[in-house]
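Working notes, structure below.
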2 protein chains.
Amino acid sequence: MKSTSQPRDRGIPEATVARLPLYLRALHGMAERGVATVSSEDLAGAAGVNSAKLRKDLSHLGSYGTRGVGYDVEYLVYQISRELGLTQDWAVAIVGVGNLGRALANYGGFVSRGFRVAALIDADPEVVGDTIAGLNVEHIDELEAVVKRRGVSIVVLATPAEAAQAVCDRVIAVGVTSILNFAPVVLSVPDTVDVRKVDLSIELQILAFHEQRKAGGPLMAVDSQ
Amino acid sequence: MKSTSQPRDRGIPEATVARLPLYLRALHGMAERGVATVSSEDLAGAAGVNSAKLRKDLSHLGSYGTRGVGYDVEYLVYQISRELGLTQDWAVAIVGVGNLGRALANYGGFVSRGFRVAALIDADPEVVGDTIAGLNVEHIDELEAVVKRRGVSIVVLATPAEAAQAVCDRVIAVGVTSILNFAPVVLSVPDTVDVRKVDLSIELQILAFHEQRKAGGPLMAVDSQ
DNA sequence: ATCCCTTTGTGAACCGATGCACAAAGTAGC
DNA sequence: GCTACTTTGTGCATCGGTTCACAAAGGGAT
């Protein structure tokens with residue numbers, strides 16, 4: 001079993017996986033502009049990475065380039081899509097239909113290729129029954145039933161921090177193993193479950209740290225010693 | 001110059017900086033519950049990290065713990081806040097007041113300690129003049145003036161993808177060096193500028209990748225060879 | 001068919017981050 | 001003061017990821 005017919009390794013580095021969507025987006029843009037073939041140099045430029053890194057990333061999927069020529073755009077789009085699992089359709093449920101949940105439901109670009117918002121769920125009787133982005137908001141009591149009925153496999157948590165862990169536990173109990181968490185809490189889950197976290201406040205704090213450094217560091221104003 | 005009085009090293013590892021906000025949040029929770037002192041083990045548990053990592057992270061700020069006892073919660077909150085630059089007040093402008101921008105403006109928890117939404121800016125005459133979260137939405141033509149007048153130092157981009165680079169260039173031209181980008185594009189900026197990216201679609205794709213792996217991998221359905 | 005040019009795929013050095021494991025430093029009890 | 005116990009701070013081995021640099025592979029021209 002050498003790198004002739006089955007070069008695709010089961011273990012793709014996590015860092016590579018995180019960049020594949022970036023390459024895919026750049027490639028989609030190129031495909032729309034009618035570009036047929038692209039070099040690692042150009043694609044790397046479009047994705048904002050180093051070309052050696054790009055080549056190594058792609059080499060983890062297989063040998064899809066042609067030396068002296070580059071990569072076929074359409075073919076590469078297909079291969080990356082398949083590797084990421086975007087050739088199938090993922091049903092996503094958004095739990096928590098506050099400002100953020102609403103924005104996510106309406107954000108077209110977000111749920112694009114491969115993903116479909118299949119359910120909106122909230123606890124507030126005030127919003128249950130509303131129609132948002134063409135979907136009926138259902139009550140949290142229906143959570144388990146809705147997840148099962150619609151074949152939801154990815155849950156987006158946009159609840160208040162206090163509610164997140166409880167909702168998390170419930171969706172895991174019905175078999176969901178992929179969660180995108182917007183609530184500012186550390187979820188505790190079994191390690192069979194994947195949680196990705198998006199935390200706006202943390203991103204701002206990291207920016208503030210660097211901004212402060214540029215301005216002279218934390219000692220400047222205080223001069224503690 | 002040893003580690004007695006000036007232990008604070010100018011170079012805090014990036015990975016550490018990214019975790020400090022997490023520790024800070026856990027500590028705030030503890031402070032509210034009246035906890036006076038915490039061990040690395042307990043704090044690490046609350047933040048979801050390994051205790052050795054936590055201790056090493058904190059050691060980059062200085063020697064703020066007491067052996068045999070732990071860390072003083074209040075004191076550590078102060079030290080981390082100071083290191084992150086949260087003892088000062090950062091004026092944030094949100095550009096793009098669509099669904100997402102609106103959600104961000106209203107999201108109280110997001111702009112919490114140390115941050116203040118100082119301006120909302122949009123190009124659509126339909127929304128310019130509206131009041132959202134107590135703020136008047138201003139026209140994009142006023143961008144430079146508003147940024148200067150309000151002392152904005154961090155800009156949040158919540159525009160459509162097509163507009164993001166242009167807005168980015170403009171705010172950089174007025175001196176902004178910290179940008180939080182929600183638009184699904186790779187911004188090109190001088191390397192004096194910090195850009196952090198939040199991309200919902202990428203997060204979903206990473207989840208899909210792992211979800212597919214759990215289900216048997218991309219070969220299962222296709223069996224290409 | 002041969003030579004030259006382009007671009008891929010990857011071996012190897014390097015770099016930063018992680019986690020173990022333990023000495024150093026402190027508290028508490030006698 | 002001395003001993004036993006707790007918990008920090010860190011040296012060290014390790015690991016994953018990045019980057020360089022180049023040999024291998026292909027295309028095109030003569």
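Below, each value reflects all heavy atoms present in this structure, side chains not excepted, and no hydrogens, waters or symmetry copies. Numbered from 1 within each chain, the chains take letters A, B, ... in sequence-line order.
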Write out a two-atom table: protein N or O, nucleotide N or O from nucleotides 4-6 of chain C, distance below 3.5 Å.
none

Find every protein N or O atom lying less than 3.5 Å from an N or O atom of nucleotides 28-30 of chain C, and list the pairs.
none

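Take B:Asp72 and apply the salt bridge (charged side-chain N to carboxylate O under 4.0 Å, His left out) test, not counting sequence neighbours, and it matches no residue. Annotation: side-chain hydrogen bond (donor to acceptor under 3.5 Å, both in side chains) contacts of A:Glu14 (sequence neighbours excluded): B:His210. Partners of B:Asp199 by side chain to side chain contact (heavy atoms under 4.5 Å, CB included), not counting sequence neighbours, listed by chain and number: A:Arg25, B:Pro184, B:Lys197, B:Ser201, B:Ile202. Remark: B:Val189 pairs with B:Cys168, B:Ile172, B:Leu187, B:Val193, B:Val195 by the side chain to side chain contact (heavy atoms under 4.5 Å, CB included) rule, at least two apart or across chains. Residues passing the side-chain hydrogen bond (donor to acceptor under 3.5 Å, both in side chains) test with B:Arg67, sequence neighbours excluded: none. The salt bridge (charged side-chain N to carboxylate O under 4.0 Å, His left out) search around B:Asp194 returns A:Lys214, not counting sequence neighbours.
The CG-C1' distance, from A:Leu61 to C:dG9, rounds to 13 Å in whole Å. Regarding B:Tyr75, its OH atom lies at a distance of 16 Å from the P atom of D:dT8, rounded to whole Å. Between the NE2 atom of B:His60 and the C1' atom of C:dT18 there is a distance of 12 Å, rounded to whole Å. Distance CD (A:Glu14) to C1' (D:dC15): 15 Å, rounded to an integer number of Å. A:Asp72 has its CG atom 16 Å from the C1' atom of D:dG27, to the nearest Å.
Side chains of A:Glu211 and B:Ser153: a donor-acceptor N/O pair is absent below 3.5 angstrom, by distance only. For the residue pair A:Gln79 / A:Tyr75, a side-chain donor-acceptor distance below 3.5 Å is found, with atom types taken as modelled.
The stretch residues 15-23 of chain B comes close to DNA chain C through B:Ala15, B:Arg19, each having a heavy atom under 4.0 Å from the strand. Residues of residues 30-57 of chain A that place a heavy atom closer than 4.0 Å to DNA chain D, in numerical order, are A:Asn50, A:Ala52, A:Lys53, A:Arg55, A:Lys56.
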With a 3.5 Å cut-off and sequence neighbours excluded, list the donor-acceptor pairs that the side chains of residues 84-93 of chain A form with protein atoms.
unit_1, atom_1, unit_2, atom_2, d
A:Asp89, OD2, A:Arg116, NE, 2.8
A:Asp89, OD2, A:Arg116, NH2, 3.1
A:Trp90, NE1, A:Gly85, O, 2.7

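Nearer to the 5' terminus of DNA chain C, by closest-nucleotide assignment, is the contact made by A:Tyr71 (compared with the other of B:Thr66 and A:Tyr71).
Listed by first and then second residue, the side chain to side chain donor-acceptor pair (under 3.5 Å) pairs that reach into residues 157-175 of chain B are B:Glu144-B:Arg170, B:Gln165-B:Asp169, sequence neighbours excluded.
Here the CG atom belonging to B:Asp57 is positioned 6.5 Å from the CG atom belonging to B:Leu20, to the nearest 0.5 angstrom. Between the CG atom in B:Leu58 and the CZ atom in B:Arg19 there is a gap of 10.0 Å [rounded to 0.5 Å].
Using a 4.0 Å cut-off between charged nitrogen and carboxylate oxygen, B:Glu83 and A:Arg213 count as a salt-bridge pair.
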